[in-house]
Visitor: 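Sharing a structure here in structure tokens format.
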Amino acid sequence: MNNKITLIVGVVVVAVAFLTSSMLFTVDQREQVMVLQFGNPIKTVSEPGLEWKLPWQDVQRYEKRVLNLDPPEERMILSDQKPLLVDAFARYKIDDPLQFFKTVRSEDVARTRLGTIVNAGLRGELGKATLSSVLSPERDVFMARVLKHVNEQARRFGIDVLDLRIRRADLPVETSQAVFARMKTEREREAAEFRAQGFELAQRIKSSADREVTVLTAEAKKESEILRGQGDAALTKILNDAYGQDPEFFKFYRSMQAYEEALATKGTYMVISPDSDFFEFFSGVNAPDKSAE
């Protein structure tokens, strides 16, 4: 009898424990929970702690943290008909779990739907932009418009998109090569133009310098001729004045200079008549008297 009572009590305790465990659940601070009854939402629990439910009710857990969306790289066409490979990313969170459950139910479906919305928003804005605007600070302006558009669409699913940015925007390989070739041709043209302008400027500077050299040389030559003429005139005047004071002495002095210049080099031979005017001042010089010795 006692064994039967013990068995019954044990069964009751196990049943109560099982029933209690099926009625209690915990909510983590990183998640929010939706309580479901026969697949229909009953309540939403966002605060962490221990909660209860009826045994036949289920719970659906959703992330409370910020989630990442990294859709695959997409090829998009700009307003100038240039193709562009766009790699974008978004940061979002589940803002309304009930709406999220009613529309998409799972996070995988939500990422797929949100990726489609982001792709459509980027295509709409990039289709009105040029390559230069995408690669400039102007990109922040149209990305703000994309974020606004995506948020308007995402709120239907209980999702709040916090940030949306383009990680990388590259031209396709074939387009990059064509753009590079065009840029190279343009730079070569600019370089040739700059070289031509530089050569023209160098020629103008050289011509101006040559002209200045010619003018300065002519002026210097003119001034030197004037100074030389003035010097010659002064020399002539001085010589005339000296000659006028003592013509005989001046004639003697000039003859001595001529003798010095003519007879300065050793081994010089001159065949001149003794009666030549060159030896005028030698004719009056007496030879030494040897008898006096």
Visitor: With distance as the sole test, does S79 use its side chain to make a donor-acceptor pair with the main-chain N or O of A129 at under 3.5 Å?
Guide: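 It does hold such a pair.
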
Visitor: So L122 and E74, do their side chains get closer than 4.5 Å, heavy atoms only?
Guide: no

Visitor: Given 3.5 Å as the limit, does a donor-acceptor pair link the side chain of D87 with the main chain of E73, or not?
Guide: no

Visitor: What about V59 and V45, same hydrophobic cluster or not, with Ile/Leu/Val/Met/Phe/Trp/Tyr joined at side-chain heavy-atom distances under 4.5 Å?
Guide: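 Same hydrophobic cluster.
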
Visitor: Would you say the side chain of N68 lies within less than 4.5 Å of the side chain of R91, judging by non-hydrogen atoms?
Guide: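 Answer yes - side chains close enough.
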
Visitor: Give, for atom CG of D232 and atom CD of E225, the distance between the pair rounded to the nearest 0.5 Å.
Guide: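 If I round to the nearest 0.5 Å, the distance is 9.5 Å.
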
Visitor: Tell me if the NZ atom of K43 is crowded by more than 12 foreign heavy atoms within 6.0 Å.
Guide: yes

Visitor: Please give me the minimum heavy-atom distance between F101 and P41, naming the atom from each residue.
Guide: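 Where F101 meets P41 most closely, the heavy atoms are CE2-CD, 3.7 Å.
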
Visitor: How far does CD of E212 sit from CG of D210, to the nearest 0.5 angstrom?
Guide: 9.5 Å

Visitor: Please check if L69 and L162 belong to a single hydrophobic cluster, counting links between Ile, Leu, Val, Met, Phe, Trp and Tyr side chain heavy atoms closer than 4.5 Å.
Guide: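 No, L69 and L162 fall in different hydrophobic clusters.
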
Visitor: Pair V104, T112 - check side chain to side chain contact (heavy atoms under 4.5 Å, CB included), show working.
Guide: CA-CA 10 Å; V104 294; T112 302; over 6 Å; no

Visitor: Please name the pair of heavy atoms, one in A154 and one in V161, separated by the smallest distance, quoted to 0.1 Å.
Guide: CB-CG2, 3.9 Å

Visitor: Could you go through D163 and R165, starting from their C-alpha distance and side-chain angles, then the distance that decides it, and tell me whether this counts as side chain to side chain contact (heavy atoms under 4.5 Å, CB included)?
Guide: CA-CA 7 Å; D163 192 15; R165 300 189 185 186; 3.0 Å; yes

Visitor: Is the count of non-hydrogen atoms from other residues, nucleotides or ligands lying under 6.0 Å from E190 atom CD greater than 12?
Guide: yes

Visitor: So, taking the atom named CE in M76 and the one named CD in E125, what distance separates them when rounded to the nearest 0.5 Å?
Guide: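 It is 11.5 Å, given to the nearest 0.5 Å.
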
Visitor: Does L78 reach the side chain of L126, with side-chain heavy atoms less than 4.5 Å apart?
Guide: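 The answer is yes; the side chains approach within 4.5 Å.
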
Visitor: Does the S136 side chain pair with the main chain of S133, one donor and one acceptor, at a distance under 3.5 Å?
Guide: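 At least one qualifying donor-acceptor pair exists.
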
Visitor: Testing the basics here: between F157 and T103, what is the closest heavy-atom pair and its distance to 0.1 Å?
Guide: CA-OG1, 3.3 Å

Visitor: Would you sort out whether E186 and R182 count as a salt bridge (charged side-chain N to carboxylate O under 4.0 Å, His left out), showing the intermediate values?
Guide: CA-CA 6 Å; E186 181 66 19; R182 186 165 61 252; over 6 Å; no

Visitor: Between atom CD of Q99 and atom CZ of R156, what is the distance when rounded to the nearest 0.5 Å?
Guide: 10.0 Å

Visitor: Measure the spacing between OH of Y92 and CG of D160 and express it to the nearest 0.5 Å.
Guide: 12.0 Å

Visitor: State, yes or no, whether a side-chain contact exists between L164 and N151 at a heavy-atom distance under 4.5 Å.
Guide: no

Visitor: A110 and I159: which non-hydrogen atoms are nearest, and at how many Å?
Guide: CB-CD1, 4.0 Å

Visitor: Please give me the minimum heavy-atom distance between G121 and V146, naming the atom from each residue.
Guide: O-CG2, 3.8 Å

Visitor: Linking I/L/V/M/F/W/Y whenever any side-chain heavy atoms sit under 4.5 Å apart, do V35 and V27 land together?
Guide: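 Yes, V35 connects to V27 through the hydrophobic network.
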
Visitor: Which is it for D95 and R155 under the side chain to side chain contact (heavy atoms under 4.5 Å, CB included) test, yes or no, and what are the steps along the way?
Guide: CA-CA 8 Å; D95 189 53; R155 287 195 182 99; over 6 Å; no

Visitor: So, do F89 and V118 sit near enough that their side-chain heavy atoms are less than 4.5 Å apart?
Guide: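 F89 vs V118: side chains apart.
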
Visitor: Under 4.5 Å between side-chain heavy atoms, hopping through other hydrophobics if needed: is there a path connecting I94 to L98?
Guide: yes

Visitor: Is it true that atom CZ of R123 has more than 12 heavy atoms of other residues, nucleotides or ligands lying nearer than 6.0 Å?
Guide: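 Yes, the 6.0 Å shell around CZ holds more than 12 heavy atoms from other groups.
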
Visitor: State whether the side chain of S207 and the backbone N or O of Q203 hold a donor-acceptor pair below 3.5 Å, judged by distance alone.
Guide: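 Such a contact is found between S207 side chain and Q203 backbone.
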
Visitor: In terms of hydrophobic clustering (I, L, V, M, F, W, Y; side-chain heavy atoms under 4.5 Å; direct or indirect links), are L227 and I238 co-clustered?
Guide: no

Visitor: Report yes if the side chains of Q37 and N40 come closer than 4.5 Å at any heavy-atom pair, otherwise no.
Guide: no

Visitor: Under 3.5 Å, is there a donor-acceptor pair between the side chain of K64 and the main chain of S46?
Guide: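 Yes, the answer is positive, given that a donor and an acceptor are paired below the 3.5 Å cut-off.
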
Visitor: Taking everything shown except R168 itself, do over 12 heavy atoms lie less than 6.0 Å from its CZ?
Guide: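 No, CZ of R168 has 12 or fewer neighbouring heavy atoms, counting only those of other groups under 6.0 Å.
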
Visitor: Would D28 and R61 satisfy salt bridge (charged side-chain N to carboxylate O under 4.0 Å, His left out), going step by step from the backbone distance to the final call?
Guide: CA-CA 10 Å; D28 191 270; R61 301 178 185 273; over 6 Å; no

Visitor: Do you know the tightest heavy-atom contact between L36 and I42?
Guide: C-CG1, 4.2 Å

Visitor: Could you measure the distance from the CD atom of Q32 to the CD atom of E63? Nearest 0.5 Å is fine.
Guide: 9.0 Å

